[in-house]
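Predicted, not measured: the structure shown is a model, and the values here were computed from it.
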Amino acid sequence: MPDDLLPIRGVPASPYTRKMLSLLRYRRIPYRFLQGNLHGAQGEGELPQPKVGLIPILYLPDEHGELQAEVDSTPLIRRLEDEYPGRSVIPADPVVAFLNYLLEDYGDEWLTKAMFHYRWYYDADIEIAGSVLPHYADVSRPDAELAMMKQAFAERQISRLYVVGSNETTAVVIEDSYKRFLACLNEHLKSWPFIMGRRPGSADFGCYGQLTQLVQFDPTPSKVAIDGFPRVHAWVSKMEDLSGVEPGEDDFIDAGAMPATFIDLLKEVGRTYVPVMLANAQALEQSLDKVETQVEGKAWEQEPFPYQGKCLQWLRIEYARLSEDERATVDDILAGTGCEALLAPAM
Ligand SMILES: N[C@@H](CCC(=O)N[C@@H](CS)C(=O)NCC(=O)O)C(=O)O
């Protein structure tokens, strides 16, 4: 086993797997991609199991040099920054790094609602995902076996729509927000090759991961993108392999000259992710069995999502780490976007 190649396990239909693969290519970190989920995947037996059953998994050495199975892309990206210098995806300016963190979390925790919703809500999308996805574990499985897997797989995923908050009430909110996000990104890309400026930040990879599925795979949201936003469609394809991009020191956006289109992206985050993250945290704090809030004047209802409660805490820790001056600059940038509510002291 060539131990200079970083092992990563995942599947092509997993947005977080795609986020990490693209990141590894951009960062020029040599890797080997073990295709499959936790069960029946390549390399099984030779590598440890993760504590939490999620993909992608990166196998990284602990302090004794033993490979450990690690999950959760956001902290993993920061760890890779320490272990593999150069071609950083974290802006050097702490203010811009904070905005990058916020938009990465929006991609990971909000756009994923659209991704999972479209895939398992509409018959045409269920049909395609159910037919294709089971092939990823073993492309040569007999058709009869796959037909059985198709149904079981689709049923399992449909039964988990509640986790991301996709239901009859929220469908319209999720779909409107997806379309507005595409429109905002489309405007931004007219002047900037990446969300974070002239070089990609981890936010670019987070949003890209979800868009690989929304824009390129699932038929209902793909049609929205192709019909209305061919520029975004092209961006997603370009993001897949940025190994040839040569980033410059000053290529991230500048905190002192925020593009209006970047502020518009933050405003979109403020319309959706912000009220839902706050209502979710409140429901968890009060041990309520339902999150209920309004998004753009429309009802939002879902079961509380403990992991997203932690995401909000981690975001606030990032904010608390800033100096007083940096926090004031972040506050100025976020004022009026709706995102400032995330950081307001608890009532
Ligand atoms: N926060 C994690 C989320 C990873 C995640 O949710 N992965 C999904 C697949 S895209 C998963 O493994 N779900 C469990 C399952 O499918 O059994 C990250 O950023 O890596």
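Formation of a donor-acceptor pair under 3.5 Å by the Asp105 side chain with backbone atoms of Leu102 is not found in this model. Here the side chain of Arg199 pairs a donor or acceptor atom with the backbone of Gly248 at under 3.5 angstrom. For the pair Asn100 (side chain) and Ala203 (backbone), a donor-acceptor distance under 3.5 Å is present. Looking at Ser287, its side chain never comes within 3.5 Å of a backbone N or O of Ala283 through a donor-acceptor pair. One N or O on the side chain of Arg27 and one on the backbone of Gly86 form a donor-acceptor pair closer than 3.5 Å. A donor-acceptor pair under 3.5 Å is formed between the side chain of Arg78 and the backbone N or O of Thr74. The backbone N or O of Gly65 sits less than 3.5 Å from a side-chain atom of Asp62, completing a donor-acceptor pair. Between the Ser14 side chain and the Gly10 main chain, no donor and acceptor come within less than 3.5 Å of each other. When atom types are taken as modelled, the side chain of Glu340 and the backbone of Gly336 share a donor-acceptor pair closer than 3.5 angstrom. Side chain of Thr212 to backbone of Gly209: a donor-acceptor contact under 3.5 angstrom is found.
Taking the six-membered ring where tryptophan is involved, the planes of Tyr178 and Tyr118 are perpendicular, since the angle between them exceeds 60° and thus also 30°. Aromatic ring orientation, Phe98 versus Tyr319: tilted (interplanar angle from 30° to 60°). The aromatic rings of Phe262 and His188 are tilted relative to each other, their planes meeting at an angle between 30° and 60°.
With hydrophobic clusters built from ILVMFWY side chains whose heavy atoms lie under 4.5 angstrom apart, Phe217 does not share a cluster with Val139. Phe181 and Tyr16 are assigned to two separate hydrophobic clusters, defined by single-linkage of ILVMFWY side chains at heavy-atom distances under 4.5 Å. Hydrophobic clustering (side-chain heavy atoms under 4.5 Å, transitive across Ile, Leu, Val, Met, Phe, Trp, Tyr) groups Tyr106 together with Trp192. A continuous path of ILVMFWY side-chain contacts below 4.5 Å connects Leu60 to Tyr31, so both sit in one hydrophobic cluster. Neither Val274 nor Leu284 shares a network with the other; the hydrophobic side chains, linked directly or stepwise wherever heavy atoms of I, L, V, M, F, W or Y lie under 4.5 Å apart, form separate groups for each.
The number of heavy-atom neighbours closer than 6.0 Å to CD of Glu249, taken from other residues, nucleotides and ligands shown, is 12 or below. Counted within 6.0 Å of CG on Asp143, heavy atoms from surrounding residues, nucleotides or ligands total 12 or fewer; the atom is thus considered open. Environment of CD in Glu145: crowded, with over 12 heavy atoms of neighbouring residues, nucleotides or ligands closer than 6.0 Å. In this structure, Asp289 places its CG atom where only 12 or fewer heavy-atom neighbours from other residues, nucleotides or ligands lie under 6.0 Å away. The environment of CD in Glu246 is crowded: more than 12 heavy-atom neighbours from other residues, nucleotides or ligands sit within 6.0 Å.
We find the CG-CE distance between Leu6 and Met20 to be 8.0 Å, quoted to the nearest 0.5 Å. Atom OG1 of Thr220 is separated from atom OH of Tyr122 by 7.0 Å, given to the nearest 0.5 angstrom. With rounding to the nearest 0.5 Å, the separation of CD1 in Ile195 from SG in Cys207 is 4.0 Å. Here Leu322 contributes atom CG and Glu318 contributes atom CD; the two are 8.0 Å apart, rounded to the nearest 0.5 Å. Here the NZ-CG distance, from Lys190 to Leu185, works out to 11.5 Å after rounding to the nearest 0.5 Å. If you take OG1 on Thr329 and CE on Met258, they are separated by 9.5 Å, rounding to the nearest 0.5 Å.
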Residue pair His233, Gln216: steps toward the side chain to side chain donor-acceptor pair (under 3.5 Å) verdict
CA-CA 8 Å; His233 195 279; Gln216 293 183 326; 5.5 Å; no
One pair to check against side-chain contact (heavy atoms from CB on, under 4.5 Å): Leu288 and Gln282. What are the steps and the verdict?
CA-CA 8 Å; Leu288 305 178; Gln282 198 176 24; 6.0 Å; no
Are Tyr84 and Arg28 close enough, and set up right, to give a side chain to side chain donor-acceptor pair (under 3.5 Å), and what steps lead you there?
CA-CA 9 Å; Tyr84 298 84; Arg28 298 183 184 155; over 6 Å; no
Stepwise side-chain contact (heavy atoms from CB on, under 4.5 Å) test for Trp110 and Gln210:
CA-CA 10 Å; Trp110 182 267; Gln210 304 298 326; over 6 Å; no
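For Arg271 and Glu268, the salt-bridge test passes: some basic side-chain N is under 4.0 Å from an acidic carboxylate O. Ion pairing between Lys298 and Asp176 holds under the 4.0 Å rule for side-chain N and carboxylate O. A salt bridge is absent between Arg321 and Glu326; no separation between the charged side-chain nitrogens and carboxylate oxygens falls under 4.0 Å.
Between the side chains of Asp241 and Ser22, not a single donor N or O lies within less than 3.5 Å of an accepting N or O. Between Ser323 and Asp325, the side chains place no donor N or O within less than 3.5 Å of an acceptor N or O (distance only, hydrogens not considered). Between the side chains of Trp300 and Thr169, not a single donor N or O lies within less than 3.5 Å of an accepting N or O. Counting only N and O atoms by type, the side chains of Asn167 and Thr170 include a donor and acceptor under 3.5 Å apart. Of the N and O atoms on the side chains of Arg119 and Gln157, not one donor lies less than 3.5 Å from an acceptor on the other residue.
If you look at Tyr307 and Trp314, their ring centroids are closer than 6.0 Å. Between Tyr121 and Phe116, the distance from one ring center to the other does not fall under 6.0 angstrom.
Both tests pass for Arg87 against the ring of Tyr26: distance under 6.0 Å to the centre and angle within 45° of the axis. Judged by the 6.0 Å distance and 45° axis criteria, Arg160 is not positioned over the aromatic ring of Trp120.
Looking at residues two or more places apart in sequence or on another chain, you find no salt bridge (Lys or Arg N to Asp or Glu O under 4.0 Å) involving Glu285. With sequence neighbours left out, the salt bridge (Lys or Arg N to Asp or Glu O under 4.0 Å) criterion links Glu66 to no other residue. Residues passing the salt bridge (Lys or Arg N to Asp or Glu O under 4.0 Å) test with Lys223 are Asp227, sequence neighbours excluded.
Of all the heavy atoms in Gly130 and Lys150, the pair that sits closest is O-CG, 3.3 Å. Across every non-hydrogen atom of Ser177 and Thr272, the tightest pair is CB-CG2, 3.6 Å. Minimum interatomic distance between Ile128 and Pro219 (heavy atoms only, all atoms of both residues): CD1-CG, 3.8 Å. Taking every heavy atom of both residues into account, Asn280 and Glu303 meet most closely at OD1-O, 4.4 Å. Taking each heavy atom of Ala97 and Pro91 in turn, the nearest pair found is CB-O, 3.4 Å. Closest approach of Arg25 and Ser243 over heavy atoms only: O-CB, 3.5 Å.
Evaluated for a side chain to side chain contact (heavy atoms under 4.5 Å, CB included) with Ser202, the options Glu104, Glu81, Met196, Lys19 yield exactly one hit, Glu104. When each of Ile55, Leu76, Leu24 is checked for a side chain to side chain contact (heavy atoms under 4.5 Å, CB included) with Ile8, only Leu24 meets the rule.
Side-chain contact between Ile333 and Leu99 is present, with at least one heavy-atom pair separated by less than 4.5 Å.
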